[in-house]
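Order of the sequence lines sets the chain letters (A, B, ...), proteins ahead of strands, with each chain counted from 1. Hydrogens, waters and symmetry mates play no part in the numbers below; they use all other heavy atoms, side chains included.
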Amino acid sequence: MTDPSSPAVDLPSEEKGKTEAGVYEANQFKLMMRRFRKHRAAYWCAHIVLLLYIVCLSCNFIAPYDPAKIHEDWVNVPPQGLRFGKVDGFTLPRLYVHPYDLQIHPVTLRRVYQVDHESRVPLRFFVKGRSWKWMGIIPTTRHLFGVDEEAGETCFLLGTGGLGQDGFSRILYGGRISLLLGLTGVSITFVLGIMLGGVSGYYGGILDLAIQRVVEILQSVPKIPIWLAMAAAIPKSWSSLQVYFAMTLILACIGWTGLCRVVRGKMLSLREEDYARAASLAGATESRIIFVHLVPNFMSHIVASLSLAVPGMILAETSLSFLGLGLRPPIVSWGVLLQEATVDSIVNQTWLLLPALAVILTVLSMNFMGDGLRDAADPYAD
Amino acid sequence: MMLRYIFQRLMIAIPTLLAISFVVFFLIQLPPGSFLDAKIAAMELEGGVDMAEIETLKNTYHFDRPMIVQYYYWITGFVTGDMGKSFETDVEVTRTLAELVPVTAAISLFTIFFTWSLAIPFGITAAVKRNTPLDYLLTFVGLTAMATPAFIIALIFQVVMQSIWPQFDPTGLISREYANAPWSLAKFADLLKHLWVPVFILGVGGTAGMIRILRANVIDELKKQYVLCARARGMHPVKVILKYPVRVAINPLVSGIGSILPSIISGSMIISIVLGLPTLGPRVLQALMSQDTYLAASCVFIQCVLAVVGILISDLLLAVVDPRIKFGGK
Amino acid sequence: MSKDPILKLENVHVKYDTDDGAVHAVRGVTYDVYEDETLAIVGESGCGKSQSSYAAMGLIQPPGRVSEGKIWFRNKDGEKAINLLDFHKDSKEMRSIRGGPLAMIFQEPMTALSPVHRIGQHLDEVLKLHTDLDKKQRFDRACELLTQVGIPDAAKRYKQYSFEFSGGMRQRIMIAIALACNPRLLIADEPTTGLDVTIQNQILELMASLQEKHHMGVVLITHDLAVVAENADRVAVMYLGRIVETTDVHTLFEAPKHPYTVALLKSVVGSPLTGEGRLQAIRGTVPGPLDVVPGCPFHPRCDKYMPGVCDQELPTLEAVNEKTCAACFLYQNRKKEEASS
């Protein structure tokens with residue numbers, strides 16, 4: 001009956017050929033982005049992440065105050081809500097805040113800040129303030145907004161902490177450190193993972209064995225105690241910059257193992273593929289085969305898994321710094337800011353939890369984005 | 001067959017553990033200065049340096065020898081069950097561990113139970129009702145819980161508790177009146193009354209993560225042909241889901257017990273510090289800070305051992321629950 | 001052959017609601033199957049041949065739904081036929097029919113059995129659902145079934161897992177499960193796809209012998225014309241969710257009528273139409289699921305396309321002669337004259 005030579009009636013189904021003619025020419029990355037855009041939540045979260053990075057990286061310009069500046073008279077001030085309306089002396093309605101009246105409580109002698117609903121402090125834009133360098137080169141004193149400090153006006157949009165430092169400015173500066181730490185940590189992870197995984201998978205042999213043993217050991221160690229031990233090992237005498245790089249290294253050196261495994265596995269299976277053989281028969285060099293033929297195959301996959309690694313690092317930094325094991329003042333990071341948040345302090349000063357909100361927003365949008373990227377990177381997903 | 005497999009795995013684990021123990025010891029010794037220096041400094045502050053005491057300390061703990069020798073003394077002691085004494089309190093490390101490990105383990109086990117009993121029904125629901133508002137809600141709540149650092153959950157929880165139930169003290173595990181009392185039913189009941197706090201706080205993040213994993217697993221399985229086949233046999237769809245895809249999707253969870261154990265023990269560290277629980281976490285931190293080498297190294301290393309053993313248990317369990325996996329083979 | 005069909009589909013439509021609009025997978029399919037008879041449904045992938053039978057089984061999953069039509073099923077001879085679409089697809093009635101008198105086997109036997117359950121558990125389950133046998137009786141019946149489908153050493157095999165069986169063996173187990181409750185009708189969805197040729201033979205022969213023994217009706221869904229030639233009594237050719245031609249198996253190969261059927265046969269080795277020389281591929285591509293083709297859906301690819309006729313109206317399935325029905329204006333004189341005038 002069934003003749004071995006009888007082909008099935010099935011034709012190569014090219015149902016989608018007409019509607020998505022571009023699909024065949026698009027490279028893998030374009031395809032991934034196309035799928036990613038369909039993932040609405042992830043797509044919007046990607047915008048949020050981008051916005052967070054832009055805002056935090058331009059903290060010098062956007063933040064109205066120096067994060068370290070201590071306002072002795074304004075300790076633990078509640079947030080001054082931003083309002084929009086008419087302000088005396090200006091014809092057009094504009095953004096303003098209500099100033100506070102500082103009073104000392106007659107009995108407890110504690111400072112009480114009374115909102116003065118009668119007066120309005122207008123926000124001024126592109127004001128002169130502390131000096132900073134644009135792109136690290138061009139010195140300038142302009143800032144996005146501020147108030148007339150000479151006249152004793154203040155705008156603590158997100159309140160102040162126990163030393164009277166502006167919360168809003170500190171969250172932005174802290175964000176710059178925390179977000180960059182995640183990014184640099186992931187870059188190190190990326191380089192280590194790709195290099196070691198690639199070498200391990202492509203060459204095999206004794207090198208592979210050695211690398212895989214190290215990976216296994218690192219993977220079987222529980223993360224947090226090791227993080228604690230390493231973080232505790234950072235000498236107290238180090239400068240904040242040194243501590244910062246040490247922290248990056250600590251976070252990265254545990255994360256690379258997973259990526260290394262993935263890359264190795266992909267290398268192992270891909271180097272046996274016909275097109276890799278064909279390339280080597282055609283005289284392509286080894287590095288060309290690896291980087292031109294093999295790596296692009298799983299690049300999108302790696303981008304996705306890395307985007308999921310950044311929020312983990314930000315969370316780890318926050319937790320370690322909170323415990324006093326990570327970054328230390330004067331460096332400002334979200335974890336450092338949260339050191340101020342204790343049960344007693346947040347009962348009275350809820351706004352001290354705002355850095356946590358920044359962490360949650362960041363990690364949440366990064367996770368959504370990462371999920372979307374991962375789904376989009378899977379070529380078998382619809 | 002199984003015994004041989006376990007034996008093989010243990011043989012492989014030994015060099016791994018040795019390497020880990022060295023790394024741990026090295027890390028703890030890494031900061032410049034030692035406990036002894038700190039001690040001398042403290043004595044100087046107090047007025048007089050008792051050279052005799054310093055000498056005894058030096059001789060007992062080999063402070064004057066190179067690090068590798070110190071490591072040798074520690075690890076040989078460790079395998080024979082003598083983990084030395086804490087420099088700071090002069091209490092046997094084994095005694096400290098015996099005190100702290102049961103509480104730590106109790107929290108972990110309850111947390112696993114809590115996590116599972118929430119994650120399994122929710123995970124399945126999210127998978128079956130995928131891409132419905134319910135699924136989106138679960139996904140959003142889950143991702144938010146995962147995005148919140150555990151200590152923030154603990155802080156918020158404490159603040160909320162303070163306002164709605166001021167007489168309840170969420171910190172610690174044992175009320176003050178029982179602190180030094182011998183174990184009794186009342187003390188145990190008191191422990192349970194406090195235990196749910198860390199279990200709840202720890203469980204929130206874990207549950208969220210597990211719901212995501214389970215959801216993905218069940219969705220993968222739902223696409224498989226055998227689900228359709230079971231329905232074609234006339235089985236009720238709900239029963240089909242519970243009998244087939246869930247059974248397969250739950251395998252990684254069952255086998256995950258092993259790896260959950262150490263991760264929760266270490267995961268509870270931060271919570272324990274925030275809530276002031278008498279578990280390993282705060283002690284390790286304290287020991288690390290004061291370079292109390294023996295205590296710190298032993299605690300961290302015990303967790304590493306638990307992790308390695310946990311992975312072995314996972315693999316064994318997986319082989320038990322999943323007939324496709326055979327011992328020894330690939 | 002008895003007079004009443006066991007299963008009769010009348011103008012069945014299946015739609016899938018997607019974000020991009022409703023995909024009309026089955027667009028009005030009508031066919032019937034009688035006792036002792038094998039009806040083969042042939043067509044390319046995605047033509048709706050599987051979907052129409054899933055509709056009969058009540059296995060269309062959301063976002064899909066049977067939007068229109070009637071599915072008549074007659075459980076016993078002489079009894080009144082019931083419309084399966086009157087019941088909810090997961091109702092008690094539907095579940096008692098599905099797997100019992102109306103059974104189905106699927107393509108890809110490799111994944112059709114749960115990897116973590118013993119194959120005996122699958123058999124036991126279906127017997128438990130549809131019979132009143134006790135545990136011991138169910139075990140005996142399961143072993144009997146395994147022996148019947150040619151699996152030796154049944155009692156031992158009962159306890160094994162699916163991965164311990166080869167593809168052919170697994171398909172035998174699927175057949176045993178389908179036959180467990182003596183079905184009236186067996187729907188076989190590409191039962192031999194993915195199996196090697198000698199195994200294909202064995203499976204099809206097994207099905208034929210069991211059909212003879214139990215007087216079942218069989219719906220054989222396949223894209224393999226060689227399988228059709230060997231096993232079918234009657235054939236329905238489907239294109240884009242519609243039946244374009246029904247005929248008996250001899251006429252199909254000797255005198256196909258619909259241009260799609262002709263083109264299909266020309267593309268296959270060993271059919272009488274192929275002749276010498278190269279095989280002919282059907283030109284063009286299948287339109288996308290959301291594309292709307294005016295008139296006859298095959299006209300953009302048809303060699304005998306009549307402008308002004310085929311692209312205007314949809315041809316209905318009409319009798320060409322006493323053996324064949326075709327949905328083509330070539331055989332509907334009124335239209336043909338219109339075209340020539």
In this structure, are over 12 heavy atoms from other groups packed under 6.0 Å from A/Tyr53 atom OH?
yes
Check the surroundings of atom CD1 in A/Ile206: do more than 12 heavy atoms from other residues, nucleotides or ligands lie under 6.0 Å from it?
no
Do any of residues 309-321 of chain A come closer than 4.5 Å to chain B, heavy atom to heavy atom, and if so which ones, in number order?
A/Leu315, A/Thr318, A/Ser319
Would you give the length of the straight line joining atom CG of A/Asn367 to atom OG1 of B/Thr144, rounded to the nearest 0.5 angstrom?
9.5 Å
Do any of residues 357-364 of chain A come closer than 4.5 Å to chain B, heavy atom to heavy atom, and if so which ones, in number order?
A/Val359, A/Ile360, A/Val363, A/Leu364
Which atoms of B/Ile152 come close to chain A, meaning under 4.5 Å heavy atom to heavy atom: side chain ones, backbone ones, both, or neither?
side chain
Just how far is it from atom CG of A/Leu353 to atom CG of B/Leu155, taken to the nearest 0.5 Å?
6.5 Å
The reported gap from CZ in B/Phe151 to CG in A/Leu323 (rounded to nearest 0.5 angstrom) is 7.5 Å
Just jot down the salt bridge (Lys or Arg N to Asp or Glu O under 4.0 Å) partners of A/Arg176, sequence neighbours excluded, or say none.
none
So which part of B/Val23 gets closer than 4.5 Å to some heavy atom of chain A, the side chain, the backbone, both or neither?
neither
Is there side-chain contact between A/Phe322 and B/Val274, with at least one heavy-atom pair below 4.5 Å?
yes
Partner residues of B/Thr148 under the side-chain hydrogen bond (donor to acceptor under 3.5 Å, both in side chains) criterion, sequence neighbours left out:
none
